[in-house]
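Just below is one structure, and these are the notes that go with it.
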2 protein chains.
Amino acid sequence: MANETNITNDIDAVPSLAQSKRQIDRYELDIDAQAVLVASRLMAAGAKLGHASEIHFSRFGLSTGRYRLLADLEDHEGEVLPSQLAEHLGVTRATVTGLIDTLERDGLVFRRSSSVDGRQKAVILTEQGARKLRDMAHEHFARLEAMVGLLSIEERSVFLDLLGRVTKGISALTDEPAGSKGHISNE
Amino acid sequence: MANETNITNDIDAVPSLAQSKRQIDRYELDIDAQAVLVASRLMAAGAKLGHASEIHFSRFGLSTGRYRLLADLEDHEGEVLPSQLAEHLGVTRATVTGLIDTLERDGLVFRRSSSVDGRQKAVILTEQGARKLRDMAHEHFARLEAMVGLLSIEERSVFLDLLGRVTKGISALTDEPAGSKGHISNE
DNA sequence: AATAAATAGTTAGGCTCCATACTAATTATA
DNA sequence: TATAATTAGTATGGAGCCTAACTATTTATT
């Protein structure tokens with residue numbers, strides 16, 4: 001083990017409040033350091049979770065995207081159009097094509113041309129694909145539950161509410177060049 | 001605009017509570033559907049934020065990783081070793097090498113061999129790199145602040161606390177084949 | 001001193017996802 | 001009907017990050 005890098009740092013280490021403060025003070029900005037900290041921490045958490053998720057699903061020979069596609073199929077009687085999958089998963093159709101390619105190669109889904117619309121190709125969950133979901137269900141959901149195990153039921157509700165609002169705010173990063181002040185244009 | 005895909009779905013649409021419930025009920029698992037929902041929503045939020053972040057930084061000719069590297073340099077007198085950068089940013093040394101390559105090509109940083117240790121190559125922030133940070137500071141931090149603008153000061157504190165605990169729980173996804181319960185082994 | 005082990009940084013190749021541009025099929029318009 | 005515009009799915013090339021393996025240098029061991 002000569003080649004080991006400790007990536008999984010403690011959350012406290014990632015972006016500290018002191019660091020956020022220094023950045024803001026340096027330019028004498030009228031910005032709430034805690035707001036910046038929340039944004040930074042969420043980014044760090046998102047990256048960490050994304051990575052952990054890939055490790056988790058790779059145990060079952062899947063990736064995050066491929067699992068989500070299978071789960072969406074299962075939730076829709078095992079048959080969905082690629083464009084619908086793209087919408088459900090929140091990814092592009094091009095990405096869906098790639099996911100299906102791999103899943104089809106592994107025998108978990110297959111494509112079937114539509115008889116009503118020659119452009120469409122329905123994606124079908126195979127028996128093997130359904131079995132894969134069945135086999136991994138227990139461990140998968142147990143791990144998800146354990147992930148939020150440090151939160152009480154009430155705290156989970158609060159977290160869900162706050163996360164939802166922050167998620168709405170993400171558009172502040174991508175909106176057009178921002179008028180002037182950081183005032184939110186919700187009423 | 002014949003080729004437009006609406007990726008930025010509303011958060012409510014991504015994984016619904018009903019969908020989580022159906023998944024759990026299908027296999028009659030003893031799992032809290034809300035816990036699964038929290039985990040799923042956080043994953044979705046993380047992915048969305050990561051994407052938005054890249055769009056945000058691309059306005060300044062940077063990526064998320066390259067910005068974070070520059071900011072870390074600025075926070076350490078403009079000179080840090082690559083291995084330290086990797087640790088601060090929570091990425092591998094290989095990734096840092098790639099980030100530096102691009103930043104050096106753009107004239108925002110440069111490498112300088114160490115005199116005390118021939119293996120080390122310090123990364124130095126150039127004047128141009130410092131100017132880049134200065135020029136983007138106002139808009140960057142204003143957008144970050146706006147992102148959490150839907151939360152009150154108190155709510156931000158709560159969110160930070162809850163997010164921190166969930167982040168700790170992420171290891172539940174990557175830990176060894178799960179002993180039994182999701183008890184965390186911190187003291 | 002000579003050899004082995006560890007460390008710093010890099011390279012090579014992989015994965016996930018995206019934006020863009022393309023082909024084939026359908027629908028609207030004239 | 002003939003043409004144009006739209007739609008479904010796909011190919012291509014890129015960005016970001018990873019793991020694993022490699023080179024050069026330093027430190028530890030003998």
Side-chain angles (χ1 to χ4, degrees), chain A residues 1-8 43-44 46-55 57-58 61-69 80-87 89-105 111-123 174, chain B residues 1-8 43-44 46-55 57-58 61-69 80-87 89-105 111-123 174:
Chain A
M1 48 184 73
N3 216 336
E4 200 156 324
T5 312
N6 192 1
I7 296 294
T8 54
M43 283 187 193
K48 183 176 176 178
L49 179 54
H51 185 216
S53 179
E54 293 302 338
I55 292 173
F57 287 116
S58 71
L62 295 175
S63 69
T64 304
R66 292 202 292 275
Y67 169 78
R68 295 187 61 216
L69 195 155
V80 183
L81 297 176
S83 52
Q84 294 175 323
L85 287 167
E87 191 181 345
L89 272 52
V91 300
T92 63
R93 286 170 297 148
T95 297
V96 167
T97 295
L99 296 175
I100 297 171
D101 284 346
T102 306
L103 289 170
E104 188 166 39
R105 172 174 59 68
R111 284 178 242 238
R112 187 176 58 199
S113 294
S114 168
S115 51
V116 291
D117 189 328
R119 295 169 299 182
Q120 296 179 344
K121 289 187 181 175
V123 182
T174 53
Chain B
M1 51 186 70
N3 217 333
E4 198 156 325
T5 311
N6 192 1
I7 295 294
T8 54
M43 283 189 192
K48 181 175 176 178
L49 178 55
H51 186 215
S53 179
E54 293 301 338
I55 292 173
F57 287 116
S58 71
L62 296 175
S63 69
T64 304
R66 292 203 292 276
Y67 169 77
R68 294 187 62 216
L69 195 155
V80 183
L81 296 175
S83 52
Q84 294 175 322
L85 287 167
E87 192 181 344
L89 272 53
V91 299
T92 63
R93 287 170 296 148
T95 297
V96 167
T97 295
L99 296 176
I100 297 171
D101 284 346
T102 307
L103 289 170
E104 188 167 38
R105 171 173 60 66
R111 285 179 241 239
R112 187 176 60 197
S113 294
S114 168
S115 51
V116 291
D117 190 327
R119 293 169 301 182
Q120 297 179 342
K121 289 186 181 176
V123 181
T174 53

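These values consider heavy atoms only, across backbone and side chains, with no hydrogens, waters or symmetry-generated copies. Chain letters run A, B, ... following the sequence lines, proteins first and then strands; every chain starts at 1.
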Worksheet entry | Shortest non-hydrogen separation from Leu62(B) to Arg66(B) and the atoms involved |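 Here Leu62(B) and Arg66(B) meet closest at C-NH2, 3.8 Å.
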Practice prompt. Taking all heavy atoms of Pro82(A) and all of Val96(A), pick out the closest pair and write down the distance.
Written response: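 Shortest heavy-atom contact: O-CG1, 3.8 Å.
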Worksheet item: Does Ser115(A) or Gly65(A) map to a spot on DNA chain C nearer the 5' end, using the closest nucleotide for each?
Response: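 The residue mapped nearer the 5' terminus is Gly65(A).
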Please tell me which of the listed nucleotides, [options], lies nearest to the side chain of [X]?
{"X": "Leu99(A)", "options": "dC17(C), dG9(C), dT16(C)", "value": "dC17(C)"}
{"X": "His51(B)", "options": "dC18(C), dT16(C), dC18(D)", "value": "dC18(C)"}
{"X": "Thr92(A)", "options": "dA8(C), dC18(C), dT16(C)", "value": "dC18(C)"}

Worksheet entry | Main-chain N/O of Thr64(B) paired to Glu54(B) side chain as donor or acceptor, under 3.5 Å |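 Side chain of Glu54(B) to backbone of Thr64(B), a donor-acceptor pair under 3.5 Å: yes, one is there.
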Practice prompt. Would you confirm whether Ser53(B), through its side chain, and Gly50(B), through its main-chain N or O, come within 3.5 Å as a donor-acceptor pair?
Written response: no
How many angstroms lie between atom [atom1] of [X] and atom [atom2] of [Y], to the nearest 0.5 angstrom?
{"X": "Leu69(A)", "Y": "Thr102(A)", "atom1": "CG", "atom2": "OG1", "answer": "10.5 Å"}
{"X": "Ser115(A)", "Y": "Gln120(A)", "atom1": "OG", "atom2": "CD", "answer": "9.5 Å"}
{"X": "Thr97(A)", "Y": "Arg111(A)", "atom1": "OG1", "atom2": "CZ", "answer": "6.5 Å"}
{"X": "Leu89(A)", "Y": "Arg68(A)", "atom1": "CG", "atom2": "CZ", "answer": "4.5 Å"}

Nearest-angstrom distance from the residue atom [atom1] of [X] to [atom2] of [N]:
{"X": "Leu103(A)", "N": "dG9(D)", "atom1": "CG", "atom2": "P", "answer": "16 Å"}
{"X": "Asp117(B)", "N": "dT7(C)", "atom1": "CG", "atom2": "P", "answer": "12 Å"}
{"X": "Glu54(A)", "N": "dG16(D)", "atom1": "CD", "atom2": "P", "answer": "18 Å"}
{"X": "Arg68(B)", "N": "dC17(D)", "atom1": "CZ", "atom2": "P", "answer": "9 Å"}
{"X": "Gln120(B)", "N": "dT23(D)", "atom1": "CD", "atom2": "C1'", "answer": "16 Å"}
{"X": "Leu85(A)", "N": "dC17(C)", "atom1": "CG", "atom2": "P", "answer": "13 Å"}
{"X": "Gln84(A)", "N": "dT7(D)", "atom1": "CD", "atom2": "P", "answer": "15 Å"}
{"X": "Arg112(A)", "N": "dA8(D)", "atom1": "CZ", "atom2": "C1'", "answer": "17 Å"}

Fill in: Partners meeting salt bridge (charged side-chain N to carboxylate O under 4.0 Å, His left out) with Arg112(B) (sequence neighbours left out)
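Counting only residues at least two positions away or on another chain, Arg112(B) forms a salt bridge (charged side-chain N to carboxylate O under 4.0 Å, His left out) with Glu79(B).
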Discussion item. Under 4.0 Å, counting only non-hydrogen atoms across every strand here, what does Thr95(B) touch: a base, just sugar-phosphate, or nothing?
Written reply: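 Base, at least one base atom sits under 4.0 Å.
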Item to complete: Hey, which sits more toward the 5' end of DNA chain D by its nearest nucleotide, Leu81(A) or Thr102(B)?
Response: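 First, find each residue's nearest nucleotide; the 5'-ward one identifies Leu81(A).
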Practice prompt. Give a yes or no on whether a donor-acceptor pair under 3.5 Å exists between the nucleobase atoms of dT26(C), that is its base, and the side chain of Arg119(A).
Written response: no
Could you pull out the protein-nucleic contacts involving nucleotides 1-4 of chain C (nitrogen or oxygen on both sides, under 3.5 Å)?
none

What pairs of nitrogen or oxygen atoms, one from the protein and one from nucleotides 10-14 of chain D, lie under 3.5 Å apart?
| residue | atom | partner | partner atom | Å |
| --- | --- | --- | --- | --- |
| dT10(D) | OP1 | Arg111(A) | NH1 | 2.7 |
| dT10(D) | OP2 | Thr97(A) | OG1 | 3.2 |
| dT10(D) | OP2 | Arg111(A) | NH1 | 3.0 |

Discussion item. Check the phosphate of dG9(D) against Ser83(A), side-chain N and O only, distance under 4.0 Å to OP1 or OP2. Yes or no?
Written reply: yes
